[in-house]
Amino acid sequence: MPRGPPLACFFDGACRGNQFARKGPMWVAYVIGDEEHVHEIPDLPTDRGPQRSNNIAEYRALILLLRRLRELAAARPRDRYVVSGDSQLVVYQMAGRYRVRDAKLLPLHAEAKGLARGLPVTFRWIPREQNRAGHLLE
């Protein structure tokens, strides 16, 4: 028996400046239904020192979203979750259309895939203007 309509979810991440300029913190946002979350996150620790990029921020946003979805699914399972983001790279890597080639993204991708495993989740790329999480970072 269906447990309700798919739950619409959105994620986005932003890194002000680039990883070398270090002009500002990384921020992540995610939306699950009516829930809205925005967090400042630290640089990613790596063997080469702390790293930051928009792609790291995007993955970190997705990971936080998937962690929260697992909590919600334990309390109230759904038939399907539709997770949308404007990062073509992250969405297509999660959907298996693109390979992960950047070494610093490999552990983030693996963590996100592990969190998604067992959840009835579909990943969907959307244009930036349709990303509800992206509007929280503006």
Legend entry - Straight-line distance of Leu66 CG to Lys113 NZ, nearest 0.5 Å: 10.5 Å
Inset, instruction - Please examine the side chains of Met94 and Val83, heavy atoms only from C-beta on, and report whether any two atoms are closer than 4.5 Å. - result: no
Inset, instruction - May I ask you to test the Phe10-Ile126 pair for a side-chain heavy-atom distance under 4.5 Å? - result: yes
Inset, instruction - Over all heavy atoms of both residues, which pair between Ala112 and Leu62 is shortest? Give the atoms and the distance, please. - result: CB-CD2, 4.1 Å
Inset, instruction - Go through the steps to decide whether Lys104 and Arg48 satisfy the test side-chain contact (heavy atoms from CB on, under 4.5 Å), and finish with yes or no. - result: CA-CA 10 Å; Lys104 68 182 170 284; Arg48 298 179 64 193; over 6 Å; no
Inset, instruction - Decide whether Trp125 and Leu137 are clustered together by the hydrophobic rule: side chain heavy atoms of Ile, Leu, Val, Met, Phe, Trp, Tyr closer than 4.5 Å, transitively. - result: no
Inset, instruction - Show your reasoning for whether side-chain contact (heavy atoms from CB on, under 4.5 Å) applies to Val91 and Arg124. - result: CA-CA 6 Å; Val91 169; Arg124 183 176 69 130; 5.6 Å; no
Inset, instruction - Kindly indicate whether the side chain of Val38, heavy atoms from C-beta on, has any atom under 4.5 Å from the side chain of Trp27. - result: yes
Inset, instruction - Report yes if the side chains of Asp12 and Arg128 come closer than 4.5 Å at any heavy-atom pair, otherwise no. - result: yes
Inset, instruction - Check the hydrophobic clustering (I, L, V, M, F, W, Y; side-chain heavy atoms under 4.5 Å; chains of links allowed) and say if Val121 and Leu89 are grouped together. - result: yes
Inset, instruction - Provide the closest heavy-atom pair for Met26 versus Gln51 in the form atom of the first, atom of the second, distance. - result: CE-O, 4.1 Å
Inset, instruction - Check for a donor-acceptor pair, side chain of His37 on one end and backbone N or O of Ala133 on the other, with a separation under 3.5 Å. - result: no
Inset, instruction - Indicate the atoms forming the closest heavy-atom contact of Ala57 with Ala14, along with that distance. - result: CB-N, 3.5 Å
Inset, instruction - For Asp86 and Gln130, run side-chain contact (heavy atoms from CB on, under 4.5 Å): C-alpha distance rounded to whole Å, both residues' side-chain angles, the deciding distance at 0.1 Å, then the answer. - result: CA-CA 8 Å; Asp86 58 41; Gln130 293 177 20; over 6 Å; no
Legend entry - Close side-chain approach of Pro6 and Tyr81, heavy atoms under 4.5 Å: no
Inset, instruction - Give the cluster check for Leu119 versus Val82: same hydrophobic cluster or not, with ILVMFWY residues linked at side-chain heavy-atom distances below 4.5 Å. - result: no
Legend entry - Side chain to side chain, Tyr98 and Gln88, heavy atoms closer than 4.5 Å: yes
Inset, instruction - Calculate, to the nearest 0.5 Å, the distance between atoms CD and CD1 belonging to Glu71 and Ile32 respectively. - result: 8.5 Å
Legend entry - Check: Arg78 side chain, Ala73 main-chain N or O, donor-acceptor pair, under 3.5 Å: no
Inset, instruction - Verify the cluster assignment for Val100 and Leu115: are they in a single hydrophobic cluster under the rule of side-chain heavy atoms below 4.5 Å apart? - result: yes
Legend entry - Reported CD-to-CD1 distance for the pair Glu58 and Ile56, which is rounded to 0.5 angstrom: 11.5 Å
Legend entry - Smallest separation among heavy atoms of Gly33 and Arg132, with atom names: O-NH2, 3.0 Å
Inset, instruction - Please report the shortest heavy-atom distance between Ser53 and Cys15, naming the atom on each side. - result: C-CB, 3.6 Å
Legend entry - Tyr30 side chain reached by Arg60 side chain, heavy atoms, under 4.5 Å: no
Inset, instruction - Taking all non-hydrogen atoms of both residues into account, name the closest pair between Leu65 and Cys9 and its distance. - result: CD1-CB, 3.9 Å
Inset, instruction - Decide yes or no for Leu106 and His109: does some side-chain heavy atom of the first lie under 4.5 Å from some side-chain heavy atom of the second? - result: no
Legend entry - Donor-acceptor contact below 3.5 Å, side chain Asn131 vs main chain Gly85: no
Inset, instruction - Identify whether Val90 and Val31 are in the same connected component of the hydrophobic contact network (ILVMFWY, side-chain heavy atoms under 4.5 Å). - result: no
